[in-house]
Student: 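Structure provided below as structure tokens; questions to follow.
Side-chain atoms are counted along with the backbone in the values below, which use heavy atoms only and exclude waters and symmetry mates. Order of the sequence lines fixes the chain letters, A, B, ..., with proteins taken first and strands second; residue numbering starts at 1 for each chain.
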Protein chains: 4
Amino acid sequence: MTTERRATANAARRKETSRRAILTSAFELVQEVGYVKLTIEGIAARAGVGKQTIYRWWPSKGAVLFDAFLMLSEDGAGEPAALPDTGDLEADLKTVLRATVAELTDPRYDEPMRALATEIAHDPELAAAYLERLDAPLKELKRQRLRSAQRAGQLADDLDLDVAMDLIWGPLLNRWLQRTGPLTAEYADRVVTTSLNGLRPRSPEGGSARAGA
Amino acid sequence: MTTERRATANAARRKETSRRAILTSAFELVQEVGYVKLTIEGIAARAGVGKQTIYRWWPSKGAVLFDAFLMLSEDGAGEPAALPDTGDLEADLKTVLRATVAELTDPRYDEPMRALATEIAHDPELAAAYLERLDAPLKELKRQRLRSAQRAGQLADDLDLDVAMDLIWGPLLNRWLQRTGPLTAEYADRVVTTSLNGLRPRSPEGGSARAGA
Amino acid sequence: MTTERRATANAARRKETSRRAILTSAFELVQEVGYVKLTIEGIAARAGVGKQTIYRWWPSKGAVLFDAFLMLSEDGAGEPAALPDTGDLEADLKTVLRATVAELTDPRYDEPMRALATEIAHDPELAAAYLERLDAPLKELKRQRLRSAQRAGQLADDLDLDVAMDLIWGPLLNRWLQRTGPLTAEYADRVVTTSLNGLRPRSPEGGSARAGA
Amino acid sequence: MTTERRATANAARRKETSRRAILTSAFELVQEVGYVKLTIEGIAARAGVGKQTIYRWWPSKGAVLFDAFLMLSEDGAGEPAALPDTGDLEADLKTVLRATVAELTDPRYDEPMRALATEIAHDPELAAAYLERLDAPLKELKRQRLRSAQRAGQLADDLDLDVAMDLIWGPLLNRWLQRTGPLTAEYADRVVTTSLNGLRPRSPEGGSARAGA
DNA sequence: ACTTAACCGAGACGGTACGTCCTGTCTTTTC
DNA sequence: GAAAAGACAGGACGTACCGTCTCGGTTAAGT
């Protein structure tokens with residue numbers, strides 16, 4: 001896996017059971033004690049593993065945690081192949097964003113995700129790995145849904161889809177991470193509506209006239 | 001100051017020189033060594049202060065850092081009383097966001113701000129202090145500018161200004177913190193335009209006519 | 001104390017209870033687990049002390065052990081002010097050497113003393129401290145007894161007392177440390193007699209004629 | 001070889017080149033880094049050998065070192081078949097002891113021999129092996145020389161030769177190991193003279209008349 | 001002016017975790 | 001089937017900081 005290859009280590013001889021025990025322990029521990037109090041020693045102890053086995057394969061606790069997420073996302077196999085596409089973009093986006101809110105709010109994932117997010121904020125290398133291995137696939141799904149909407153005339157033809165995604169998901173993530181306000185389904189809905197319509201007034205006959213086509 | 005009042009401490013007898021030395025040292029050190037390697041001992045040593053003097057007045061290194069920002073924002077006196085208001089909302093927002101991009105990109109502030117942001121992400125109490133003391137005043141300025149635009153008919157009448165602010169600034173902060181892409185003036189411009197116009201197509205004769213720019 | 005002064009440490013603030021707990025624990029542990037398995041961590045744990053408190057004041061576990069002996073020899077206060085002097089040198093030496101044999105054989109002291117002896121063998125600095133603080137006082141007592149005998153005409157006038165002491169105690173220590181043979185009271189007696197008379201034949205009328213004078 | 005036989009190992013298939021490489025590396029390393037920092041891993045690495053090959057054949061690093069000495073003493077072939085015997089015991093002993101002093105003082109052998117000596121002090125099993133395989137042959141040579149002197153009337157008839165040997169060599173070894181004083185040829189001479197004549201005064205006409213030299 | 005109480009610098013202390021090194025065992029692959 | 005290679009669980013190393021705790025020495029109040 002991307003982040004774990006170290007110079008001297010011979011991956012062929014690697015013990016898979018230890019690897020999984022480490023990642024599982026790391027994920028559980030970060031839930032229980034928080035990221036700051038997550039220690040390599042603690043992970044090793046819970047995993048029944050020598051510390052060296054962790055240091056041999058990962059450069060930092062952030063990297064361990066990242067791989068823990070990676071394992072989860074691979075094990076939680078299947079991964080929805082696509083975002084819902086009922087033809088009603090606004091409704092679909094609301095569905096997806098409400099799900100995101102639910103996940104970010106879930107106490108099982110809140111701490112671990114904050115941990116990953118803040119670690120990424122401080123470690124550009126980890127950030128790159130995150131973008132490539134975890135974020136890119138998700139972004140691709142989102143892009144597909146937006147492209148579909150664009151073809152259906154529900155989005156502006158000249159719209160930059162990357163900016164569009166930032167506009168839709170950025171406010172959510174920001175509010176979650178910085179706690180700048182309550183993170184609710186209602187907020188998600190509002191972000192969807194507002195970003196779709198824009199901040200400016202729309203002409204009376206309404207820009208969303210075509211919605212639901 | 002909000003975060004520093006402790007039960008037993010008598011603020012009247014407090015030594016102002018030590019206070020400033022601590023905050024300055026903290027801010028400098030976080031630039032030099034990063035937040036993770038920022039230590040109370042290091043701050044105390046550089047400030048020429050006993051550790052106890054720090055522990056007496058602040059509950060955590062995050063709180064010290066927060067006060068360091070507070071001091072900076074108070075010393076960087078004046079604080080623009082308002083955001084620019086030329087009557088052209090789009091241009092004004094671009095100006096402001098470009099400035100934000102410049103600040104976030106400035107190597108002197110990048111690390112310290114990341115430190116503060118991630119500390120906030122893990123410490124709700126600190127987050128509350130941040131919202132009240134640093135974020136709220138800024139938000140008020142933004143709200144005023146938007147309200148002015150709203151009155152001028154440049155923003156939808158029923159627009160929720162808080163959501164609007166999230167829509168404008170969220171993508172920027174998110175991209176900065178998560179490094180999901182390059183943070184440039186051009187990006188700032190695009191975010192402004194897109195959020196104002198919304199993602200949907202605008203009817204040709206529609207609204208403020210500039211759509212598609 | 002000679003060995004414990006470190007560059008940065010401020011001895012005035014030193015905690016005496018911790019110091020004694022460390023030395024006591026070290027001495028007990030070396031009896032129980034042997035010198036090789038004696039660890040700084042173990043000493044710290046048993047003494048209820050942080051490891052740093054040991055590293056702050058002693059450069060090595062050998063130095064700790066040395067101070068443990070020093071403490072013992074100072075606490076076991078009084079220290080015989082002189083070796084027995086009945087006028088009969090041979091008898092007195094036998095008494096003393098038998099006592100030495102008993103001490104070296106005592107399971108409470110055997111391991112700790114071996115530990116000290118072998119540590120001295122590898123650490124010239126510690127050896128110097130040993131010579132000055134533990135060995136010298138003992139040697140002075142021995143020298144006094146021998147000088148008394150010399151004045152009484154029981155020892156050769158031109159005898160080098162240092163060599164004499166080596167001749168008497170060297171074989172004993174060597175046999176103990178190297179286990180080159182059983183270490184018994186009988187052996188002690190033989191060493192005394194033989195060293196006093198020398199290896200060569202004595203003239204028939206016997207050199208020990210004057211003994212008991 | 002005595003110490004290396006293990007239960008499961010089949011000595012017949014053993015690779016002689018590895019064995020010699022291990023012993024040579026061990027001897028060299030102990031010179032370079034000292035006994036305390038001598039490690040099995042280090043020996044294996046320098047010998048270009050797997051750790052298991054060492055663990056298969058030796059029970060401890062002390063045993064390896066012991067065999068290294070054994071190899072040396074066998075390779076340093078020939079082994080003087082006897083100690084010098086010019087008829088003048090005193091002169092011969094001085095010759096031998098001066099040689100011993102030179103060897104113990106030789107920086108190439110000092111550390112390794114200290115290592116062996118101190119290891120023996122802590123490991124009775126190793127001590128036994130040492131006595132049988134390295135010490136006994138040497139002692140036999142010494143005994144022969146002394147017996148010859150005894151027959152010539154230069155030593156007391158009733159002298160216990162083992163005690164005699166302890167008396168002659170003990171002081172030397174002790175001074176070397178414990179660094180209780182400078183180890184010189186002059187000291188060796190003095191030990192010989194004093195032990196031969198004994199500590200007591202000799203009657204003027206007495207014995208071999210040389211007393212007082 | 002004289003206590004007196006808190007602040008302050010300094011830094012020792014009991015702890016925890018770090019990241020490294022080595023132990024002795026095990027497994028895989030090569031000869 | 002011994003040997004080179006090296007991963008592994010375990011544990012000690014010596015260091016860095018944590019947060020608490022004295023210890024003098026200022027430094028302002030309150031008498």
Student: Please state whether the phosphate of F/dA4, meaning OP1 or OP2, lies under 4.0 angstrom from any side-chain nitrogen or oxygen of D/Thr53.
Tutor: yes
Student: Could you give the distance from CD1 (C/Ile22) to CD1 (C/Ile54), rounded to the nearest 0.5 Å?
Tutor: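 Here the interatomic distance stands at 4.5 Å.
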Student: In whole Å, what is the span from the CD1 atom of B/Ile54 to the C1' atom of F/dT20?
Tutor: 15 Å
Student: For F/dA3 and D/Arg56 - does any side-chain N or O of the residue sit under 4.0 Å from the phosphate oxygens OP1/OP2?
Tutor: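 For D/Arg56, the contact criterion (side-chain N or O under 4.0 Å from OP1 or OP2 of F/dA3) is met.
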Student: Can you list everything that forms a side chain to side chain contact (heavy atoms under 4.5 Å, CB included) with D/Leu116? Sequence neighbours excluded, please.
Tutor: D/Phe66, D/Phe69, D/Ile120, D/Tyr130, D/Leu134
Student: Can you find a donor-acceptor N/O pair under 3.5 angstrom joining the side chain of B/Gln52 to the base of E/dC7?
Tutor: no
Student: Rounding to a whole Å, what distance do you find between B/Tyr55:OH and E/dG9:C1'?
Tutor: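 B/Tyr55 atom OH is separated from E/dG9 atom C1' by 16 Å.
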Student: Summarise protein proximity over nucleotides 23-31 of chain F in one line of letters, 5' to 3': B for base, S for sugar-phosphate only, - for none, counting protein heavy atoms closer than 4.0 Å.
Tutor: B---BB---
Student: On DNA chain E, does the nearest nucleotide to D/Ser60 precede the nearest nucleotide to B/Val49 from the 5' side, or the other way round? Give the residue.
Tutor: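 The answer here is B/Val49.
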Student: Calculate, to the nearest 0.5 Å, the distance between atoms OG1 and CD1 belonging to A/Thr53 and A/Ile40 respectively.
Tutor: 11.5 Å
Student: What's the NZ-C1' distance between D/Lys61 and E/dT23, to the nearest Å?
Tutor: 11 Å
Student: For the atom pair NZ (A/Lys15) and CH2 (A/Trp57), what is the distance rounded to the nearest 0.5 Å?
Tutor: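 That separation rounds to 13.0 Å.
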Student: Any side-chain N or O of D/Trp57 below 4.0 angstrom from OP1/OP2 of F/dA2?
Tutor: no
Student: Restricting to salt bridge (charged side-chain N to carboxylate O under 4.0 Å, His left out), what partner residues turn up for B/Arg108, sequence neighbours left out?
Tutor: B/Asp106
Student: Show every salt bridge (Lys or Arg N to Asp or Glu O under 4.0 Å) that has at least one partner inside residues 29-38 of chain D, sequence neighbours left out.
Tutor: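 Salt bridge (Lys or Arg N to Asp or Glu O under 4.0 Å) check on residues 29-38 of chain D returns D/Glu32-D/Arg46.
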Student: Under 4.0 Å from any atom of DNA chain F, heavy atoms only: list the residues of residues 32-47 of chain A that qualify, in numerical order.
Tutor: none
Student: Between A/Lys61 and A/Thr39, is there a donor-acceptor pair closer than 3.5 Å when you use the side chain of the first and the backbone of the second?
Tutor: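 No, A/Lys61 side chain to A/Thr39 backbone: no donor-acceptor pair under 3.5 Å.
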Student: Just to verify, what does C/Lys51 make a salt bridge (charged side-chain N to carboxylate O under 4.0 Å, His left out) with, not counting sequence neighbours?
Tutor: C/Glu41
Student: Measure the distance from CZ on C/Arg14 to C1' on E/dG14 and round it to the nearest whole Å.
Tutor: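 In whole Å, E/dG14 C1' lies 15 Å from C/Arg14 CZ.
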Student: More 5' along DNA chain F: D/Gly50 or A/Lys51, using each one's nearest nucleotide?
Tutor: D/Gly50
Student: Any side-chain N or O of B/Ser18 less than 4.0 Å from the OP1 or OP2 oxygen of E/dC8?
Tutor: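 False: B/Ser18 side-chain N/O out of range (4.0 Å or more) of E/dC8 OP1/OP2.
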Student: Tell me if a side-chain donor or acceptor on B/Glu111 pairs with a main-chain N or O of B/Tyr35 at a distance below 3.5 Å.
Tutor: yes
Student: Report the distance from atom NZ of D/Lys15 to atom C1' of F/dG1, rounded to the nearest whole Å.
Tutor: 13 Å
